[in-house]
Amino acid sequence: MTDYTPTEMMTIAAARALRNGDVCFVGIGMPSAAANLARLTHAPDIVLIYESGTLGTKPSVLPLSIGDGELCETALTTVSVPEMFRYWLQGGRITVGFLGGAQIDRFANLNTTVVGPYDKPKVRLPGGGGAPEIATACGEIFIIMAQSKRSFVDKLDFVTSLGHGEGGDHRERLGVKTKGPTRLMTDLCIFEPDPQSNEMIVTSIHSGVTRAQVTEATGWPVCFAHTVAETPAPTAQELEVLRELHARTARAHGNAA
Amino acid sequence: MTDYTPTEMMTIAAARALRNGDVCFVGIGMPSAAANLARLTHAPDIVLIYESGTLGTKPSVLPLSIGDGELCETALTTVSVPEMFRYWLQGGRITVGFLGGAQIDRFANLNTTVVGPYDKPKVRLPGGGGAPEIATACGEIFIIMAQSKRSFVDKLDFVTSLGHGEGGDHRERLGVKTKGPTRLMTDLCIFEPDPQSNEMIVTSIHSGVTRAQVTEATGWPVCFAHTVAETPAPTAQELEVLRELHARTARAHGNAA
Amino acid sequence: MSRVMSLEEAVEANVRDGDTVAMEGFTHLIPHAAGHEVIRQRRKRLTLVRMTPDLIYDQLVGMGCAAKMVFSWTGNPGVGSLHRVRDAVENGWPRPLALEEHSHAAMANAYEAGAAGLPCAVFRGYIGADLPKVNPNIKTISCPFTGQSLSAVPALRPDIAIIHAQRADRSGNVLIEGIIGVQKEAVLAAKRSIVTVEEIVDDFGQRSPNACILPSWTVTAIAEVPGGAFPSYAFGYYKRDNAFYTAWDAIARDRDSFAAWMKANVLEKGPEAFAAHSRKRAMAAE
Amino acid sequence: MSRVMSLEEAVEANVRDGDTVAMEGFTHLIPHAAGHEVIRQRRKRLTLVRMTPDLIYDQLVGMGCAAKMVFSWTGNPGVGSLHRVRDAVENGWPRPLALEEHSHAAMANAYEAGAAGLPCAVFRGYIGADLPKVNPNIKTISCPFTGQSLSAVPALRPDIAIIHAQRADRSGNVLIEGIIGVQKEAVLAAKRSIVTVEEIVDDFGQRSPNACILPSWTVTAIAEVPGGAFPSYAFGYYKRDNAFYTAWDAIARDRDSFAAWMKANVLEKGPEAFAAHSRKRAMAAE
């Protein structure tokens, strides 16, 4: 079996979750790598949208920022940012949105705003950006986050974007009709919401990872599904395409590969 | 002196009222003729905007409809109709709007909706189109209408667009900060609002027209300003440019000139 | 993903009796061929939505396809009244026609709100005007910061939007250029959409990075109908036939001459008849 | 009508102490040269508005020009934190910085509402999120037709908007292409505006009929500053200098290295220094 890193496994697991018909609202970093990996492997017709206004973009290298020239040059067309948020996101045209964050709780609510109190934060994080509305307007949400007790917490310091709220039918009670987080990909495993409680439970563990490792890296008493799968290891093709993408990107950004 | 028609006089009087720095929201028909006459004579830098979305258009012939190709081909750029009404009209960027109608009252309120009751009209007119918001969003309003007792009425059947309302400071009381109708050009004379009452009063009578003719053609007891000017007759140049414009238009539209 | 099909199939599959239909195009790119196809297929009880009902709705109303019209200005621009619409409103012939009347600003904002997934549009409108007194779909709303009173109208969400555009590519994306009106908003606001195009090309080629393009996944059906906007026009292809608009006045004034014209030019023809009016020309050519 | 002048004159005449300033550009066309000029002219107590405060505001905040920042995401994209902004927020150095925080959707809608002359923006946002609890400028409003609860934020109406664009023509019109962000809205929402451009041309020449153009009568001042978006980029001219963004992290981490860099590259330089980064290239060239 080929060697691969936990981050590669996480990215590949996220790419696999995307379908060829999806219209995907992509963020920078791992979501961008995952979405483009999907496009370059099993989902050639996936539509990638970046909040900078680019519709149907097909970058050959990954952008460093959300509005890199590569995104516009390879897009079907580019619209203004108000139009992007009004017609395309709020208009309900996106099937999958990717999110990540500094903190996540068991109901996949996310915090990218502050650690500590809002008015006197211990760490001032970047803020929500598009997340508060991505979280409720996209058909469903995929989350990619490296797992640790510091980031998978019992209680968020701040709810930047809604996941399943307090669980159960909380989204519905808030008048939200979209599914919310349906999949959380970490470097250790895959979580999916429990059909009743909507708590995120482990449904697949990456090859070579133990339940104890997952439990140890989660800040709440983590639940496992009745049947937990083993995530198939990355295929040689998946790894090759992902690594080529990263290498092209590093060359294009003027960094050593 | 050159011969000219009352309609030519009315169009030329309207053109003269436009200034070189104006940004003018133009309607089809006489407003379009007047605005383009101004552009081709004393106001070469006037900005003409048509509600179909064309910004800074310079048509060589007059459009038959508000979205003729000529308007787009000669425009600085063309925006969508929602943008036109949101950013350009409602945004308060227009200095002068032109309006006309089937009926006008002494406070320059206009009716282009129905003659008779709304639910069972004697005549179903075209409707307001852009007028209700043009009337309040433009810096000031110029009105062009041929004068007759049937159209200059004591009471409108329907207020399609606000003039000075019930007179006085009625616009201000409605929260409207723009001036409203500052000038009404007819085939007989020019009206301007009385500084106190905002009733439209005659301030200039076209050459060869009598006060009796004006009174006879007005459905309310018409008032004349303390000093009433005689509208200068069209100059040879004004007439020449206007007639050439109409002739080019007739040729372009495939009609006999 | 949009599917390319014949106009007959597109109308057959997507326009249903009783639908709320928006055929848009602001002087430019009015989908006349599609309107004729709806008439030929004898659709009934339609609510016809359009900012500026002109010949295309005069024809649909005169042929009895409509029960209601939602509009902000109606007439034959620069020519006069729509005689078939007036006959329906004033005399109920061939059927009564209910009217829901707005201003342009309201309609444009209502399409925008529909495209934006909002339940209503908020704008500064109708101040001192009588329309809010006769149209219950015009309400007011207060700005929660300034207390300023604003107008609100329900978002437009047609069952089906029908537009005409210059080009589609092989992937089913649609390019619109020139006076773009409210067409993009109408399609995005609608549940289904039909776009007739002058031509289907392999690739749009060189274009503005900000071109007005409807991605294929926002469009239901595409039909290639060259000349399909006639007597309206297609920027880059053919000009508006102003003479036809003028001639329409006499045709439509009389019920019999209208019926005869519709029989000869619509009922006994197909979409291919529009090809005679199509002509690709360089954009800057005139 | 816009007036063409030097960047020094444009900032001197239009940016005042205490102003609310919006410098926009979404990754693309960020007006760095103009930001440097504001720093050189030692403007104080500015309220800096920007969806994505990045290096340009890190520099203004670090040099003590700002009292407040209105934003929706702040950081060095793909690299990390803004150390000068954090130092101001966490330690009040060189001055305290108040924050007003929104989401992207709220900021984009607030600029749109400003451009549209509305007092507030209405959108579907912030559902289940904590920001409305800490920002009194986020309120709710009810759709008068459906009762649905929507979010409202005040329209953005900056005293001055500053953007960078590709070209102006001799009449003072401005053409923007590529990722156009909220720049048009920011200029239309603002009382005054400064546009720096890569070049002033006689005529825009062949272009899309729907090109994104700001007419000269919507712009206050235009300054030709080739390379003026560096290290951001100008579509059709030069690429983003990603390496500079990465290098900024070390420069800004330390107060002294930041001060030294600002002295050498901003205080002792002028707008002409940006010309070294300018390079006209064919749009499709890479």
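In this text the structure is predicted, and so the values were computed from the model without any measurement. Chain A is the first sequence line, chain B the second, and so forth, proteins listed ahead of strands; every chain is numbered from 1.
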**Study point:** Heavy-atom contact with chain B under 4.5 Å, split by part of C:Phe26
**Key:** both
Check your understanding: Which bit of C:Met107 comes within less than 4.5 Å of chain B, counting heavy atoms only: side chain, backbone, both or neither?
Key -> neither
Examine whether an atom of [X] lies under 4.5 Å from a heavy atom of chain C, and if so say whether it belongs to the side chain, the backbone or both; otherwise answer neither.
X	value
B:Ser80	both
B:Arg86	side chain
B:Phe158	both
B:Glu133	side chain
B:Thr136	side chain

Are the side chains of [X] and [Y] in touch, meaning some heavy atoms are under 4.5 Å apart?
X	Y	value
B:Asp68	C:Asn242	yes
B:Val123	C:Arg86	yes
C:Leu99	B:Arg124	yes

Hey, what do you get for [atom1] ([X]) to [atom2] ([Y]), rounding to the nearest 0.5 Å?
X	Y	atom1	atom2	answer
B:Thr160	C:Tyr126	OG1	OH	11.0 Å
C:Ile30	B:Ser65	CD1	OG	7.0 Å
C:His28	B:Thr54	NE2	OG1	12.5 Å
C:Ile179	B:Tyr50	CD1	OH	11.0 Å
C:Asp241	B:Leu64	CG	CG	10.5 Å
B:Ser161	C:Asp130	OG	CG	10.5 Å

Which atom pair, heavy atoms only, marks the closest approach of [X] to [Y]?
X	Y	value
C:Phe235	B:Cys72	CE1-SG, 3.9 Å
B:Pro82	C:Glu185	CG-CD, 3.7 Å
B:Gln90	C:Arg124	OE1-N, 2.8 Å
C:Glu101	B:Gly128	OE2-N, 4.1 Å
B:Phe85	C:Ala108	CD1-CB, 4.4 Å

Check your understanding: Taking the side chain from B:Tyr118 and the backbone from C:Val134, do they hold a donor-acceptor pair closer than 3.5 Å?
Key -> no
In terms of heavy-atom pairs under 4.5 Å with chain B, which of [options] leads?
options	value
C:Ser72, C:Gly78, C:Ala115	C:Ser72
C:Ser103, C:Ala110, C:Pro53, C:Ser232	C:Ser103
C:Phe123, C:Tyr245, C:Tyr111	C:Phe123
C:Gly128, C:Ala129, C:Ala105, C:Ser151	C:Ala105

Check your understanding: Are there more than 12 heavy atoms of other residues, nucleotides or ligands under 6.0 Å from atom CZ of B:Arg150?
Key -> no
Exercise for review: For each of B:Asn109, B:Leu162, B:Leu89, tally heavy-atom pairs with chain C at distances under 4.5 Å, and name the one with the top tally.
Suggested key: B:Leu162
Revision key, fill the gap. Counting heavy-atom pairs under 4.5 angstrom with chain C, the leader among B:Ser52, B:Gly129, B:Gly127 is B:Gly129
